[in-house]
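Protein chains get the first letters and strands the later ones, always in sequence-line order, with residue 1 at the start of each.
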Amino acid sequence: MASLWTYFNHPNFWWVLAGTTFLSAISALVGTFTYLQRKSLMGDAIAHGILPGVAGGFLIAGEKNALVIMIGAIVWGVLTVSSIEWISRKTHLRSSTAMAVVLSAFFGLGMMLLTVVQTSGLPDASGINSFLFGQAASMLPEDLMVYSVFAVVVAFVLAAVYPHLTIISFDRATAESNGFNVRRVDAVLSILVVAATAIGIQSIGLILMAALLITPAAIARMWNSRLIGMLIFSGGIAALAAGMGSVISFTAPAMPTGPWIVLILFAFTLISMVISPQRGLLKRYRQQKKNQDIILRENFIKRLYHQWERSGQTAFHLSDIEDTPSKRTLRYAVNNDWIQLAGNSIHLSEKGMREGRRITRAHRLWELYLSKALRMRDDHVHPSAEVMEHLIGDDLEKELLRALDYPLTDPHQRDIPYEP
Amino acid sequence: MSNVPAIDIHNLTASYERKPVLWEIDCQFPQGKLIGIVGPNGSGKTTLLKNIMGLMKPDSGYVKIFGDKLNKVRHRVSYVPQRESVDWDFPADVMDVVLMGRYNPKKLFSRVTQEDRDIAIEALKRVNMLEFSKRHISQLSGGQQQRVFIARSLAQQADLYLMDEPFVGVDAASEDAILSLLTDMKNNGKTVVIVHHDLQTAYEYFDYIALLNTRLVACGPTEEVFTSELLQEAYGGRLTVLSRIGELIAKKDFPVREKGQKDN
Amino acid sequence: MNTWVLINAVVIALSCSLAGAFLVLRHRAMLTDAISHAVLPGLVIAFLISGSRNTAAMLIGAFAFGFICIFLVEFFRRYVRITDDASIGITFTSLFAIGIILVSRYTDRIDLDQECVLHGEITYSALKRMALPGTNWHVPQTFVSGMAMLFIVSLLIAIGYRGLKITSFNPDYATSIGVSVTLWHYISGGIASMVTIVSFEAVGAILVIALMVIPAATAWLISKRLPAMLLNTTILSVTGSVFGYWVAIWLNVSIAGSIAFLLGIQLMVVILVKVVARRLPLQRATK
């Protein structure tokens, strides 16, 4: 741990840590809107297309001057966006094709300029590589100031257009038909993406900058369904990943920072995929298990009720019941006073009878509904009712009763059982 | 012509994003008729067609065509997708598209024969498009594009034709041409099933109609289905019970059939 | 000036552009972006295991990661309902990040570095030579592998022409006649992955996108039928790489970069000519 302390005492450490977390959070906020508008890959196109601006800025300044390079990046980023726009307007090529074309052609130009930089003999020429994959630790406080100023501007613009962005993110068509100037908001968002990409080039690097725009937003969506929650979450997760990435960058200076940040974000994605409360696999698995449990125990009690209907008996032997219930089902039924269990004999309680009656009623009401409202043949209605009986709760039952006008028999002329 | 129904749909439930959009559809289409699948927007007409053609997997139920599984009778069935479903800028001329009607999985690696070409020319003649055979498909009007699609379908020489909204975005001349062609096909013993959203024309066009609004409202000869009561029902909005239970199914990720249960 | 470098560039450009044509027609151009990034860890791991630039090992490694990429994209989309483009974005950036970390970590053990990943090393591609069997001709190894690649790609396209065409134009119709869209989707993706892998060393991860997408997109704008489009694609990829090579030698800059940029210029010229032609009164009269 001693070695880690030396990094904490490094004069630049806290600067870099604060800077990268802040910059990444801002970029992720912008990315949330592109995610919601399904324009995620636009970030990738911009991040690659920006290279000529970065290399050109370097050549013009003759050194690693953050301000000139930022301006170069933003100018070229806007050119990238407009070229994509121009191609998809003037030809039948879709915007995704236009993106692939523009990003690769501009990246080629960037590569040409990069070789010029490397053969230029400029003192800092090798430093330009840190823009490709990021080198957080090598950031100087004055560079950070430049990026942060841009980031603050991005944050302010974002706050100013927030209501407009919200509207077009959720209901573009309506916004458009209400005479809302969708194109202008799009243009503002594009410029924000360009700026959000440019402020990250030193910490993450432009090759992987797209991940910072896409991944935090996708993770946030798994945990939140509201926009404000998504924004807070994606900003936070990006800051966390970037912070961890810059620590790694200090401990292993030969390593580029960007890939580490992206990898940490990827790990967060995988974790969220399993445990997130909204769409996690675990949640889905549990839900399905729960559904299966409900189906099993309700079928069990329904069967007892049917046997009672036929025989008038409330006492059964376990072996008389078709489809022997599992222990889990029996335990549930006993714990909820549906039945009393003594050895292998079962006694159907008043509560269990009510439950069985409710399910049977739901089943028969649904069959009648299918037959009346959907005009299905009477011999075709059973399979669907076998499932829907487990879904129909009190509200839906009332609705069905109203729709069917409190019927007495189902399509098979069996009584629909009401509470006595 | 046998009495086996051209299409037999049995208890078919289909969903998008786990929410059912078709509920327990159960009906038969007879052979040798011009049949319309009619209903308001979003009533599941296209979904039904896609399920019949095996382009979507249903949650429950099955479809039989000429009493058999689709895979066994595929060569007797021709499908005409919605015109908007393809990119008309694709580098192909009219002839190229019609010749696609001669493709089948077994001949996928062989070359176009003179016979294929003759059949394609014949099909183009029947839709009055032969003079356009060298024209790029993006330079056709909507009605002409639709006629090219129908020519491709004719080149398949099938017995059952399923067409998704062939009258949408079509000029009056094309509409007349298509309609008389369809009547012709019917008179030659073919069965034609058409997804159609326009109630006004449906009555004149079809002999047999399935009236749809997420559930089947009616299915039968046109005169029997076109009653004000049934039309009111189909166009009078969704059933609240169905939409509520549909939401529950999606939310709770509930199946629409119990495990192991089959519709027989 | 080295003729072999130019010849290598042309051979690579030809196979890439032909393989890319069907992805462009399917509006899946950005998939090339994903594939070219995602195969990197596969290449590096194959490198580390086999200890050399063993083409077979690299193919296996890259294919494995190509499939991991496709699997993850599908998985994110279907099971956690991340939007389509975001699933692609997350997957390929993550896999590429893994690749870069491996490259930087084992930079002494493999002869690949960050720059090579981005640039490729086409300049050195002609160095290693081998004798053509039964002759005295010594040609670069990369030329032989490139020609083999070109042959395979052309063959696959010739054989699969109908399947590729019909599933690109009208997938629903293809399914309706019993042609498996998924299968052909994987075949076109597989061909694209293959050329990506073989071209990776020469032109790097990002410029391979230019070779795959730009000639095909340009050719699409000027061709009426598919055979013409494929022919124009090959012509444009040759002219683009020849001009690109000259410019690179002239200005002494990255060859791969220059080819990519020149391909972009070709596209721009075509669009401009079309835009101007549309405004000419003569054209209007005939239309």
Side-chain angles (χ1 to χ4, degrees), chain A residues 35 38-41 43-44 48 86-87 90-94 96-116 119 129 132-133 207-208 210-211 213-215 217-218 221-222 254-256 258-263 265-266 269 272-273 276 279-281 284, chain C residues 24 27-30 32-33 75-76 79-90 93-94 96-101 104-105 107 114-115 118-119 204 206-214 217 220-221 244 247-248 251-254 256-265 267 271 274-275:
Chain A
Y35 176 84
R38 295 164 183 266
K39 286 182 182 165
S40 289
L41 291 179
D44 189 51
H48 287 76
W86 184 72
I87 291 178
K90 291 290 175 197
T91 72
H92 61 70
L93 299 174
R94 302 262 170 98
S96 64
T97 312
M99 273 183 213
V101 165
V102 172
L103 87 82
S104 57
F106 279 1
F107 198 80
L109 179 63
M111 281 293 166
M112 293 165 75
L113 292 176
L114 223 51
T115 37
V116 174
T119 51
N129 277 347
L132 294 174
F133 291 110
I207 307 285
L208 288 166
L213 294 169
I214 303 169
T215 317
R221 182 67 192 87
M222 288 193 253
M255 285 280 193
W260 283 108
I261 297 179
V262 174
L263 202 63
L265 283 172
F266 186 53
T269 312
S272 307
M273 198 173 79
S276 87
R279 298 165 173 193
L281 296 177
R284 258 189 91 181
Chain C
V24 171
H27 305 294
R28 301 287 279 167
M30 281 303 268
T32 59
D33 189 20
F75 194 84
F76 286 144
Y79 290 99
V80 248
R81 279 181 287 148
I82 295 175
T83 59
D84 203 16
D85 56 343
S87 305
I88 295 178
I90 293 172
T93 50
S94 305
F96 197 64
I98 295 173
I100 292 294
I101 289 173
S104 334
R105 175 78 183 76
T107 199
Q114 290 174 29
E115 236 156 79
L118 295 179
H119 267 268
I206 295 160
L207 301 174
V208 69
I209 306 166
L211 295 180
M212 293 222 273
V213 176
I214 305 181
W220 192 356
L221 297 179
V247 169
L251 294 174
N252 188 25
V253 291
S254 154
S258 162
I259 291 175
F261 186 58
L262 262 287
L263 288 171
I265 298 277
L267 173 67
I271 299 177
K274 284 197 81 163
V275 169

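Once rounded to the nearest 0.5 Å, the distance linking CG of L262(C) with CD1 of I214(C) reads 10.0 Å. For the atom pair F106(A) CZ and F261(C) CZ, the distance stands at 7.0 Å (nearest 0.5 Å). One finds the CE atom of M99(A) at 13.0 Å from the CD1 atom of I209(C) (value rounded to the nearest 0.5 Å). In this structure, the separation between CG on D44(A) and NZ on K39(A) is 16.0 Å, given to the nearest 0.5 Å.
Contact of V208(C) with chain A is not made at all, since no heavy-atom distance falls under 4.5 Å. For T269(A), the part lying near chain C is the side chain, with the backbone staying farther off; criterion is any non-hydrogen pair under 4.5 Å. Only the side chain of V275(C) has a heavy atom closer than 4.5 Å to any heavy atom of chain A. The contact between I90(C) and chain A is made by backbone and side chain atoms together, counting heavy-atom distances below 4.5 Å. When heavy atoms are compared at a cutoff of 4.5 Å, A256(C) does not approach chain A at all. Both the backbone and the side chain of S104(A) come within contact range of chain C, with heavy atoms under 4.5 Å apart. Heavy atoms of R28(C) lying under 4.5 Å from chain A are absent altogether. Only the side chain of L281(A) comes within contact range of chain C, with at least one heavy atom under 4.5 Å from a heavy atom of that chain. Interface remark: W86(A) contributes side-chain atoms only to the contact with chain C (heavy atom separation under 4.5 Å). Proximity to chain A (any heavy atom under 4.5 Å) is restricted, for D33(C), to the side chain, taken from C-beta onward. For I101(C), the parts sitting under 4.5 Å from any heavy atom of chain A are the backbone and the side chain alike. Of the two parts of R221(A), neither the backbone nor the side chain holds a non-hydrogen atom closer than 4.5 Å to a non-hydrogen atom of chain C.
When the options L265(A), I261(A), V262(A), L263(A) are evaluated for a side-chain contact (heavy atoms from CB on, under 4.5 Å) with L208(A), the one that passes is V262(A).
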message: Please evaluate residues L132(A) and L114(A) with respect to the criterion side-chain contact (heavy atoms from CB on, under 4.5 Å), reporting the C-alpha separation (whole Å), side-chain torsions for both, the decisive distance (0.1 Å), and the verdict.
response: CA-CA 11 Å; L132(A) 294 174; L114(A) 223 51; 4.1 Å; yes
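Most heavy-atom pairs under 4.5 Å with chain C: of the set I214(A), T215(A), L109(A), this distinction falls to L109(A). Heavy-atom pairs under 4.5 Å with chain A peak, among G264(C), S258(C), G99(C), G89(C), at S258(C). The candidate with the highest count of non-hydrogen atom pairs below 4.5 Å against chain C, out of G258(A), P256(A), G280(A), A98(A), is P256(A). Between chain A and the residues T32(C), I82(C), D85(C), the largest count of heavy-atom pairs under 4.5 Å involves D85(C). When each of S272(A), A211(A), G110(A) is scored by its heavy-atom pairs under 4.5 Å with chain C, the top score falls to A211(A).
S276(A) places a side-chain N or O within donor-acceptor distance of the main-chain N or O of M222(A), the cut-off being under 3.5 Å. Of the possible polar contacts, one joining the K274(C) side chain to the L221(C) backbone as a donor-acceptor pair under 3.5 Å is found. Judged by distance alone, the side chain of T97(A) and the main-chain N or O of V24(C) form no donor-acceptor pair under 3.5 Å.
Counting heavy atoms of neighbouring residues, nucleotides and ligands inside a 6.0 Å radius, atom CZ of R284(A) exceeds 12 of them.
Using cut-offs of 30° and 60° for the angle between ring planes, the F76(C) and F266(A) rings count as perpendicular.
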